[in-house]
Protein chains: 2
Amino acid sequence: MNYEEAKDKFISTWGSLGSLWGINKAMAQIQALLFISTKPLTTEEIMDTLKISRGNTSMNVRQLIDWGIVTKTLVAGERKEFYTTEKDVQELARIIAKERSRREIRPVIKTLREVSTMEDDGTAKTKELIKQTKALHELAETADSMLHKIINQKQNWLTKSVLKLFS
Amino acid sequence: MNYEEAKDKFISTWGSLGSLWGINKAMAQIQALLFISTKPLTTEEIMDTLKISRGNTSMNVRQLIDWGIVTKTLVAGERKEFYTTEKDVQELARIIAKERSRREIRPVIKTLREVSTMEDDGTAKTKELIKQTKALHELAETADSMLHKIINQKQNWLTKSVLKLFS
DNA sequence: TTAAACTTTCAATAATTATTGAAAGTTTAA
DNA sequence: TTAAACTTTCAATAATTATTGAAAGTTTAA
């Protein structure tokens, strides 16, 4: 496997993984490209490498900036805008997890709380609805706060020290 | 909020959450419906409640069975097939996490390993590709095994005992 | 200012994914 | 066996989501 093959393989795999962290393919691929680039890239370079249109590139880069994953960089003597991505995987994971929680998990938790605290009219089906949504609510709250605790740890959890806690 | 409103709200929220655990809307809604039902349901009842076609119901129920989340139940004296879902949230979470890992995370980890162990040709860009994919590989491995450890704990992690470890 | 060099917007369209429903298939009771 | 009562399959279609590219907008250098 030479450089080009490996690069394409990484970018396309990362792109299809987009769904796993809740973003579209182009957005994930742009991030992947910047992640392995040795220098900041322009819109033009991104378009050419990924074979996507100018508009598509512009919109997705902006979204990545919005997520806090990509930053505009100024290159001396150049008029064009250059983009770079967060290169530290831990920081990247932290940002993704936080955004995912904020955008998708929190709203669901809110609904679960609303439904599970509805007035009990005494019927079996209402009791079941309350019971089950309450259980989901607790699970979601616990999982979400666990996620936050894990990613907010400044110590390097990649070193597997955290893992030992579960052995 | 009465029973019907609460039920609809729960089903539609859970349905739109489908993307978060990697399944489609109908599949998530069928699971939600069964999850709050006080008795096993038939294809007919699912179709009518969710207003989806017979074919759609059949295919998605089968997929849920495939995931190990829904089971066929026989009701004495009835010819029709009845369906029930796993009612314990912890067990449900365990199944979903395991399937998600197997279907999506493992394949990505495999690619990351392949790319990160490519031959180093000495160029800066190859070195960067190897370095970054190696970091992602380690992160993905750690996160995946942490997930497995957490969900495999038989003790009730919902009680927040696990959470204390991170405080 | 102006005009060249850029970026952004957004309606049109393409691509993808989900859904339908009728036909085919299967199971069960008699 | 047969036929009624079911479930499954799958080509056609609908719905959703992503992408394009030209026009509009913005910035910068002179």
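The figures that follow rest on heavy atoms only: side chains count, while hydrogens, waters and symmetry mates do not. Sequence lines set the chain letters: A, B, ... in the order given, protein chains first and strands last, and positions in each chain run from 1.
- If you measure from atom CG of A:N56 to atom P of C:dA12, you get 19 Å, rounded to the nearest angstrom.
- Of the candidates D:dC10, C:dT19, D:dA18, the closest approach to any side-chain atom of B:M59 belongs to D:dC10.
- Distance CD (B:Q63) to C1' (D:dT8): 14 Å, rounded to an integer number of Å.
- The side chain of A:T43 places an N or O atom within less than 4.0 Å of a non-bridging phosphate oxygen (OP1 or OP2) of C:dT7.
- Distance B:N60 CG to D:dT9 P: 13 Å, rounded to the nearest Å.
- In this structure, B:R79 atom CZ and D:dA5 atom P are separated by 8 Å, rounded to whole Å.
- In a base pair of the Watson-Crick type (N1 to N3 plus N6-O4 or O6-N4) or a G-U wobble (N1-O2 and O6-N3), with each distance short of 3.5 Å, C:dT13 is matched with D:dA18.
- Residue B:K25 contributes atom NZ, which lies 11 Å from atom P of D:dA15 at whole-angstrom precision.
- Computed from coordinates, the B:E44 CD to D:dA5 P distance equals 12 Å when rounded to whole Å.
- Each of A:E78 and A:G55 was matched to the nucleotide of DNA chain C holding its nearest heavy atom; the match closer to the 5' end belongs to A:E78.
- When Watson-Crick and G-U wobble pairs are counted only if both distances are under 3.5 Å, C:dA3 pairs with D:dT28.
- Minimum atom distance to the side chain of A:E81 is reached by C:dT7, of the listed D:dT20, C:dT20, C:dT7.
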Would you sort out whether A:H137 and A:I109 count as a side-chain contact (heavy atoms from CB on, under 4.5 Å), showing the intermediate values? CA-CA 6 Å; A:H137 181 247; A:I109 287 177; 3.7 Å; yes
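- Within a 6.0 Å radius of NZ in A:K87, more than 12 heavy atoms belonging to other residues, nucleotides or ligands are found.
- Per the geometry, CG belonging to B:D66 stands 12 Å off P belonging to D:dT8, to the nearest Å.
- Inspection of the A:Q31 and A:T85 side chains reveals an N or O donor paired with an N or O acceptor under 3.5 Å.
- Judged by Watson-Crick or G-U wobble contacts below 3.5 Å, the nucleotide C:dA23 has D:dT8 as its partner.
- In this entry the distance linking CZ of B:R54 with P of C:dG25 reads 18 Å, nearest Å.
- Distance from the side chain of B:K72 is smallest for D:dT8 among the nucleotides C:dT7, D:dT8, C:dA18.
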(request) Would you please test A:K9 and A:E5 for side-chain contact (heavy atoms from CB on, under 4.5 Å) and show each step? (result) CA-CA 6 Å; A:K9 190 167 187 177; A:E5 285 166 349; over 6 Å; no
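- Both B:M1 and A:I130 are members of a single hydrophobic cluster when ILVMFWY side chains are connected at heavy-atom separations under 4.5 Å.
- Taking the side chain of B:S58 as heavy atoms from C-beta on, and the options D:dC6, C:dT19, D:dT9, the nearest nucleotide is D:dT9.
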